[in-house]
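To keep things clear, I will list the structure first and then write my remarks on it.
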Amino acid sequence: NKIDKPNARPEEVIDEEVPYEEVVVEAPVSQFIKTKIYINGELFGTCDNPKEFTQQMREKRRNGQISHEMNITYYEDNNEIYIFNDPGRARRPLIIVKEGQPLLTEDHLNKVANGKLKWDDLIEKGLIEYLDAEEEENSYIAMRLNDLSVDHTHLEIDPATMLGICAGIIPFSDHNSSPRNTMEAGMTKQALGLYVSNYAFRTDTRAHLLHHPQTPIVKTRIIDSTNYDLRPSGQNFVVALMSYEGYNMEDAMVINKGSLERGLGRSSFFRSYDTSEKRYPGGQEDNFEVPDKNIKGYRSEEAYRHLDEFGVVNPESYVESGDVLIGKTSPPRFLGEFDELASAAEKRRETSVTVRHGEKGIVDAVLLTETVEGSKLTKIRVRDTRQPEFGDKFASRHGQKGVVGLILSQDDIPFTEDGVVPDIIVNPHAIPSRMSVGQVLEMVAGKAGCMEGHRMDGTPFNDAAEYEIKRALKENGFESAGCESLYNGVTGERIEAEIFVGVAYYQKLHHMTTDKVYARSTGPVQVLTRQP
């Protein structure tokens, strides 16, 4: 209006009626705002039709035109496309689904079984693809073949493949509450086992080694595919679920002394010490030797008793904290220290390597070699046998961690009518509130496996398992629920309760009392509170 009558006064403009037409613009937002494309977090460019572009890129990946390690995601809410192809992303394989049908057919599976097709071929043919966390965000994955609908984009190879290595070793993990599975995934990494096969040639600062690792009676298919059986990290315990004398309150457990004496949960702890003959400016250097009595900081004759003439400890000597492993003397810190009267030798100081405070053991290996600079280097490994004691931490594969609260003589522990004595007694209060039903199932399955003489399959999402376990127990003369009558080991009377007994795989964790206990008469204190 103002344009038509440029000189009109405001009143004139308001008075005049103008026909008003509503114009509805029907165009997608992206027509005006281009979609940003980020590659590995860096803004790279834009595009007009994001959905088509994303689909085209996926097709190209499936055809092998671009790397199958590229993952692309379109976020509608903030109108951005993310492309990632950087290393280190966790990705997992899924079967591609088109129009409600998986691209991987029976025919392909037969060829794989006959060895005509390999895994990589399935990816090259575009039947299987790897998704990362981002791309998985807007895909729709079916768990099983009969769940498929037209909307699904992918199909799980097997429901258990959604689990990684740590969660994959948990049997019946679909019966546990999720925090317990998370806890177990963390604790598996702390379990003792055979951490490497060449431990005898290594000098790790600290290393733990379980003496008699066993393969779990209840296993999962992921255990098979990760070769966990070749390096297991636990042992099969006979477990009774009961409160006995109350020494297993609050996640503690009563453990059988007889079992410990037969090697249950026994491990070795290795610690390495090393030092070298350093060279100092002014041509002075350290010496490996048994220190002379008049040297500054001389310990005591007792401390040096294990050293040979070169100042190095002999293998297989028993050493305790404070004992010298490598006798060493260093030149004085300041050149002004020696006056005319004292000779240079007397002013050397003692810098020996000693066994750590609170540790003991047997010298396992002594290695003599050279540093890069060519000076003498000595490495010493000390081993200590650890039998489970009060306060040592154990955990089942279901996040049920606890410490040893009582070591009980085998003749005092309740026994079954067949004379079976449990290795460990766990408190029943550990089960209901934590909802780790997987452990209850594992105990029943482990018991059935022991009777049948074969390993049981505890792969999650396996519905047939429960029926199979019950059948096996019934056939072997047990109650299908896993309960038994126990007899008091002290009095021989039958305990008036049904007690749940089974076999579970337990892990010894590297949190041991010996490493944590600390006592002192005096020592450093805080200025303000005077506390240690």
Side-chain angles (χ1 to χ4, degrees), residues 176-177 179-180 183-184 187 190-191 234-262 264-266 386-444 446-447 479 481-509 511-517 519:
N176 290 336
S177 69
R180 291 283 141 191
M183 289 164 80
E184 170 50 28
M187 284 188 297
Q190 301 169 23
Q235 291 169 327
N236 297 293
F237 285 24
V238 178
V239 185
L241 217 61
M242 66 184 291
S243 166
Y244 189 67
E245 299 282 301
Y247 279 94
N248 56 5
M249 279 190 293
E250 289 286 350
D251 289 343
M253 40 202 154
V254 177
I255 205 160
N256 182 342
K257 186 162 187 261
S259 304
L260 298 187
E261 286 165 353
R262 288 187 288 270
L264 186 93
R266 193 171 300 192
R386 301 273 177 92
Q387 200 170 326
E389 56 174 326
F390 296 120
D392 281 10
K393 192 175 177 188
F394 285 84
S396 75
R397 289 184 291 178
H398 307 272
Q400 289 285 7
K401 54 185 189 286
V403 297
V404 176
L406 179 67
I407 296 170
L408 197 55
S409 172
Q410 178 165 327
D411 28 350
D412 293 338
I413 294 184
F415 54 91
T416 69
E417 57 182 34
D418 299 323
V420 175
V421 184
D423 296 313
I424 198 168
I425 299 176
V426 176
N427 202 299
H429 295 91
I431 304 295
S433 59
R434 306 213 169 116
M435 296 177 287
S436 51
V437 182
Q439 171 147 1
V440 180
L441 273 168
E442 185 195 348
M443 282 168 70
V444 190
K447 190 173 181 176
E479 194 184 300
C483 290
E484 289 187 53
S485 282
L486 257 62
Y487 295 83
N488 189 319
V490 182
T491 64
E493 296 172 320
R494 180 176 172 274
I495 297 168
E496 290 295 325
E498 287 206 311
I499 287 155
F500 187 72
V501 181
V503 176
Y505 194 65
Y506 264 77
Q507 299 162 318
K508 185 186 188 187
L509 309 186
H511 300 284
M512 286 178 260
T513 314
T514 322
D515 302 322
K516 309 214 171 191
V517 77

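The structure presented is a predicted model; accordingly, all values stated were derived computationally and were not measured.
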task: Count the heavy atoms belonging to other residues, nucleotides or ligands that lie under 6.0 Å from CZ of F415, then report whether that count exceeds 12.
output: yes
- request: Tell me, with the steps shown, if V238 and V420 meet side chain to side chain contact (heavy atoms under 4.5 Å, CB included).
  value: CA-CA 9 Å; V238 178; V420 175; 4.1 Å; yes
Just by distance, do the side chain of [X] and the backbone of [Y] share a donor-acceptor pair under 3.5 Å?
X    : Y    : value
S396 : A504 : no
N176 : G438 : yes
E484 : E498 : no
N256 : G258 : yes

Which heavy-atom pair separates [X] from [Y] by the least distance, and what is that distance?
X    : Y    : result
S436 : A430 : OG-O, 4.4 Å
P428 : S243 : CD-N, 3.7 Å
Y487 : T416 : CD1-C, 4.3 Å
I499 : L241 : CG2-O, 3.8 Å

message: Centre-to-centre under 6.0 Å for F394 and Y506, is that the case here?
response: no
State whether [X] and [Y] are salt-bridged, where the test is any N-O pair (Lys NZ or Arg NE/NH1/NH2 against Asp/Glu carboxylate O) under 4.0 Å.
X    : Y    : answer
E479 : K447 : no
K257 : E261 : yes
R262 : D423 : no

Within-4.5 Å side-chain heavy-atom neighbours: [X] and [Y]:
X    : Y    : result
R266 : L260 : no
L264 : F237 : yes
L486 : V501 : yes
D515 : M512 : yes
D251 : R434 : yes
Q400 : I431 : yes
R180 : M435 : no
M242 : P414 : yes

- request: Show your working on side chain to side chain donor-acceptor pair (under 3.5 Å) between Q507 and R397 and close with a plain yes or no.
  value: CA-CA 8 Å; Q507 299 162 318; R397 289 184 291 178; over 6 Å; no
What's the separation between atom [atom1] in [X] and atom [atom2] in [Y], rounded to the nearest 0.5 Å?
X    : Y    : atom1 : atom2 : value
F390 : I407 : CZ    : CD1   : 4.5 Å
L408 : Y244 : CG    : OH    : 6.0 Å
M187 : K393 : CE    : NZ    : 6.5 Å
N248 : M253 : CG    : CE    : 9.5 Å

- prompt: So I424 and V254, side chain to side chain contact (heavy atoms under 4.5 Å, CB included) or not? Walk me through it.
  reply: CA-CA 6 Å; I424 198 168; V254 177; over 6 Å; no
message: Is there a side chain to side chain donor-acceptor pair (under 3.5 Å) between T513 and D392? Walk through the geometry before answering.
response: CA-CA 6 Å; T513 314; D392 281 10; 3.2 Å; yes
- request: Go through the side-chain N and O atoms of R494 and S485 and say whether any donor and acceptor fall under 3.5 Å apart.
  value: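 Their side chains do contain a donor-acceptor pair, which is all the 3.5 Å distance test asks for.
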task: Go through T514 and E389 one step at a time and tell me if the side chain to side chain donor-acceptor pair (under 3.5 Å) criterion holds.
output: CA-CA 9 Å; T514 322; E389 56 174 326; 2.7 Å; yes
